[in-house]
Amino acid sequence: MKAFQWILALLLVFSLSVPTGAKAMETEKVEVNLDHLDFLNEEVTIDGKDMLITHIYSEYPDYNWVDASGEGIACVDDVARAAIVYLNHYEQTGNKESLDKAKKALNFVMHMQAADGEFYNFINRDFSINIDGPTSKKSFDWWAARGMWALGHGYKVFSKADPAYAKELENSFLLANDALQRKVNKNYGEYTEIHGYKIPAWIGGFDAMSNSLLGLAEFYSVKTLPVIKDSMLKVGRGLKEYQFGSADQYPFGAHLDWEGSPTLWHAWGSGQSFALAKAGSVLKKKDWIESAQQEADQWFSHLLVTGMIKEMAPTATKDEQIAYGVNMLTQAFAELYKATHQKKYAQYAGITASWFTGNNDANFAMYDSNTGRGYDGINGVTGKVNMNSGAESTIEALLAIQAVQGIPQAKSMLHVKTTERHTTEVYEAEGFTAQEGTPEIITPASPWTGDALYSGNVVKLSKNDSIKLEVEPNKKGEYLLYAALARKHSQEAINLEVRVDDRLIRTVPVSGSPDSDYLTLVKLTEPIKLDTNKHKVTLTLKSNSSEALLVDNLVLQPVAEYATFTKGNGESYKLVRNLVKGKNKLKFVPAKK
C-alpha cells in the first residue's frame, strides 16, 4: 500500500494549497538564486557540532517556516538534497560559503545515522530525533538512500577541498553501505512475480534506491573500493531489470517505481534513468546507459509531447504536477547527454526544465529567479498553482536549474513554449454506448485497485456484449488504438473483438493473467489509417466464459506524434516521435517567410 499512501500525501498537500491562476511575468533570464533555500535553513548546534537544518514547509503569502505536523521541524530527506544543491553550487562557482553550508548540512545527515548504518529522518523542536514516526523510524528507506547520495557527493567534493573532513564522510558512507549491503544481499538474485512480471526482490523501493546508486557512483568516481562496486552492480542490476514495455507497448520502456505494481509509474522520485546513466558512465556499463536511453527515448520524450503528468496507472493524469517529478526527467536527460554526447538529450533537458519558466499547463513560472522560490505544484486540469514554496519544491527546482545552466545546449531551450501538439486522446467510459447485449457503465467502489487506478467510470462487458464509441482524429494519418482494461485471470479464452467503421481489425486476447485480474493498457491494433472524419470503434467481448470484462477507457494514439517548441526569438523546434519505428528526432523548423 506504500504507493497509495504517497498518493494520499500528495492529495493532502494540494488540498492545503493556496491556488492561483495568475500568469507568470515573462523573463528570459533564469539564475540559480539560493535566497529562499537560505531562508528555509537554520544553523544549529547539536551535541556540540555545528549543523544546518532545512525547515520543511513555507506557505503563501508570508512564506514563514511551517513544521510538518506530527513529524518534526526538519528531516534528512530535505537536508540531504539541500547539501547537494550547495555542493553543486560550490563546484560550479567556487563559492566557499556554499561549501560551508554543505558541510553543516552533511553534519546533520551524519548525526541522523544510527550505529548500524541506517538513518532516522526527522528531528523534533527540541532537536531530539523522532525515533517512532512512520516517516522517521530507523531504516534504509528514502531518507537513508538520499543521505547516501549526499554523503557520496560530499566525499567527492571534500576529498579535494578538505581531505580530513572527507575521511569523516567516508566512514559514514561506508557504514551506510554496510546497511545497504544487508538490504540487497538478503534476497539478491531472487524474484517475485506479479501478473506475470518478474520483479527483482532485492531492491524494495526502486525509485528510492536510485538515490543510493547516485551516491555510490559519486563516491566510486574518486575511490574505487571493491565493496562499493559490488553495491553498484547489485543495485544497478535491480533498477535495470525493473523496466518493461517498448515504444508502442505499455509501460513504454519506463522503469517502474514500486515493487507492488508493474503497471504504476509516477513522476516524483523516478531517478532510475538518472542513476543508471551516471553509474553506467562511472563503471563503463553500456547496457545501463542503454536502459536509461530506452526510458528517455520511449517514455520521457513522450511526456515532452503530451506535457508533464503526475503518473500513469495506466491512464496518465495531469493534476498534481510537482517540481520533484520534473527535475527527475531533467536530470536523466542531462546525465544522458554527459554519457552519450548526443545533443538531443541536452535539448530535451532544457525543454523539460522549461516547465519551471512557464511552459506548463498553468502558463506560470514555477521557479522565481528573483526570490529563489520553487512553487509547490500545478493542477494541470484546472490550471491552478499551489503558491506555497516548501523545501522539496525549492530544492528540486534549484537542482533542475543547476543541471541546465551547466549545459549550453540545454540552457538554450529553457524558455521555449509549446506552440503545437499532436498526441494522445483519451475517450472515457462515459462516452461509450451499447451496441449489442446489456453492457453497464458502473462506478468502481474505489479508483485504487491495489496496484493501479481507474480514471473514472468503467464499462462492464459480459459475453457477447458490444459497445461503440466515435473517435474523431484532428489530423489525417496512422493511429494505434489502446484500451485501459482489467486483464482477466482466467483459464478460459477471453477475447476483445475490435472493429473500426464496421471493419474487423483484430481480436485481442485479454485473459491469461497468472495471479489475478489487473488493470493495464492493452494495445488493440497495429497502425490503422484514419482521416479527420468521425470513425466508429466497436468493442465486443468474445468468450465461452461467464466472466465480465471491465473497460476503463479507449486511447487514440498517433503513430507519429509531435510537439513544436518555440523560443522567444521565434526559432522553433519540432520533436517527432514514431512509435512503430521507435525513433524520435528534434528538428529545427525554419521560420515561414
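These values consider heavy atoms only, across backbone and side chains, with no hydrogens, waters or symmetry-generated copies.
With sequence neighbours excluded, the residues forming a side chain to side chain contact (heavy atoms under 4.5 Å, CB included) with Glu241 are Tyr191, Pro200, Trp202, Arg237, listed by chain and number.
Ring planes of Phe300 and Trp265: tilted class, angle from 30 to 60°. Relative orientation of the Phe252 and Tyr250 rings is perpendicular, given thresholds of 30° and 60° on the angle between their planes. Relative orientation of the Tyr562 and His422 rings is tilted, given thresholds of 30° and 60° on the angle between their planes.
Under a cut-off of 6.0 angstrom, the local environment of CD in Glu190 is crowded, with over 12 non-hydrogen atoms contributed by other residues, nucleotides or ligands. Around atom NZ of Lys318, more than 12 heavy atoms belonging to other residues, nucleotides or ligands sit under 6.0 Å away. Environment of CD in Glu430: crowded, with over 12 heavy atoms of neighbouring residues, nucleotides or ligands closer than 6.0 Å.
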Ile467/Thr538 under side chain to side chain contact (heavy atoms under 4.5 Å, CB included): CA gap, chis, key distance, verdict:
CA-CA 6 Å; Ile467 54 176; Thr538 307; over 6 Å; no
Side chain to side chain contact (heavy atoms under 4.5 Å, CB included), that's the test. Do Leu550 and Tyr454 meet it? Break it down for me. CA-CA 10 Å; Leu550 299 181; Tyr454 292 113; 3.5 Å; yes
*Apply side-chain hydrogen bond (donor to acceptor under 3.5 Å, both in side chains) to the pair Gln243 and Ser291, showing each step before the final yes or no.*
CA-CA 8 Å; Gln243 178 181 32; Ser291 176; 2.7 Å; yes
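Of all the heavy atoms in Ala247 and Leu579, the pair that sits closest is CB-O, 3.4 Å. Here the shortest heavy-atom pairing between Asp376 and Ser393 reads OD1-OG, 2.7 Å. The minimum heavy-atom distance between Ala316 and Ile309, with the atom names listed, is CB-CD1, 3.9 Å.
To the nearest 0.5 Å, atom CZ of residue Arg499 and atom CZ of residue Arg506 are 15.0 Å apart. Taken from CD1 in Ile528 to OH in Tyr479, the straight-line distance is 10.0 Å, to the nearest 0.5 Å. From Ser212, atom OG reaches atom CZ of Phe140 across 5.5 Å, with rounding to the nearest 0.5 Å. Taking OG of Ser513 as the start and CD1 of Ile494 as the end, the distance is 11.0 Å to the nearest 0.5 Å. Note that CG of Asn386 is 10.0 Å distant from CD of Glu320, once rounded to the nearest 0.5 Å. Thr317 contributes atom OG1, which lies 4.0 Å from atom CD of Glu311 (distance to the nearest 0.5 angstrom).
Asn474 places a side-chain heavy atom less than 4.5 Å from the side chain of Glu425. The shortest side-chain heavy-atom distance between Leu239 and Leu213 falls under the 4.5 Å cut-off. Within the 4.5 Å cutoff, the side chain of Ile194 has heavy atoms near those of the Ile199 side chain. Taking the side chain as every heavy atom from C-beta outward, Leu304 and Leu329 never approach each other to under 4.5 Å. For the pair Lys534/Val471, no side-chain contact is recorded, criterion being any heavy-atom separation below 4.5 Å from C-beta on. In this structure, the side chains of Leu524 and Leu554 come closer than 4.5 Å at one or more pairs of heavy atoms. Considering only heavy atoms from C-beta on, Met308 comes within 4.5 Å of Val326 through its side chain. Here the side chains of His535 and Glu472 are not in contact, with every heavy-atom distance at 4.5 Å or above.
Here the side chain of Asn360 pairs a donor or acceptor atom with the backbone of Ala362 at under 3.5 angstrom. When atom types are taken as modelled, the side chain of Asn211 and the backbone of Ala208 share a donor-acceptor pair closer than 3.5 angstrom. Using modelled atom types, one side-chain atom of Asp517 and one backbone atom of His489 make a donor-acceptor pair closer than 3.5 Å. In this structure, Ser136 contributes its side chain and Gly133 its backbone to no donor-acceptor pair below 3.5 Å. With Ser511 contributing its side chain and Glu492 its backbone, the two residues share a donor-acceptor pair below 3.5 Å. When atom types are taken as modelled, the side chain of Trp143 and the backbone of Phe119 share a donor-acceptor pair closer than 3.5 angstrom.
Side-chain polar atoms of Asn121 and Asp77 form a donor-acceptor pair below 3.5 angstrom. In the model, Tyr57 has no side-chain atom that pairs as donor or acceptor with a side-chain atom of Glu59 under 3.5 Å. A side-chain N or O of Asp515 and one of His195 form a donor-acceptor pair less than 3.5 Å apart. Side-chain contact annotation: Gln321 with Asp361, donor-acceptor N/O pair under 3.5 Å present. Side-chain atoms of Gln331 and Glu335 form no donor-acceptor pair, as typed in the model, at a separation below 3.5 Å. If you check the side chains of Ser389 and Ser58, you find no donor sitting under 3.5 Å from an acceptor. Using a 3.5 Å distance cut-off with no hydrogens or angles, the side chains of Glu470 and Tyr427 do not pair a donor with an acceptor. One side chain, Ser301 or Arg577, offers a donor N or O that lies under 3.5 Å from an acceptor on the other. A side-chain donor from one of Ser273 and Glu295 sits under 3.5 Å from a side-chain acceptor of the other. At a cut-off of 3.5 Å, with distance as the only test, no side-chain donor of Tyr482 or Asp248 sits close to an acceptor on the other residue. Between the side chains of Thr507 and Asn495, not a single donor N or O lies within less than 3.5 Å of an accepting N or O. At a cut-off of 3.5 Å, with distance as the only test, no side-chain donor of Asn584 or His302 sits close to an acceptor on the other residue. Side-chain contact annotation: Ser261 with Asp451, donor-acceptor N/O pair under 3.5 Å absent.
Separation of the Phe333 and Tyr348 ring centroids falls under the 6.0 Å cut-off. In this structure, Phe244 has its ring center under 6.0 Å from that of Tyr197. A centroid separation of 6.0 Å or more is found between the aromatic rings of Tyr375 and Tyr60.
Screening residues 542-553 for side-chain hydrogen bond (donor to acceptor under 3.5 Å, both in side chains) gives Thr315-Asn553, Ser455-Asp552, Ser455-Asn553, Ser490-Glu547 as the qualifying pairs, with residues at least two apart or on separate chains.
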Under 3.5 Å, sequence neighbours excluded: what are the donor-acceptor pairs made by side chains of residues 458-466?
{"from": "Asp465", "atom 1": "OD1", "to": "Thr438", "atom 2": "N", "distance (Å)": "3.0"}
{"from": "Asp465", "atom 1": "OD2", "to": "Ser462", "atom 2": "N", "distance (Å)": "2.8"}
{"from": "Ser466", "atom 1": "OG", "to": "Thr540", "atom 2": "OG1", "distance (Å)": "3.0"}

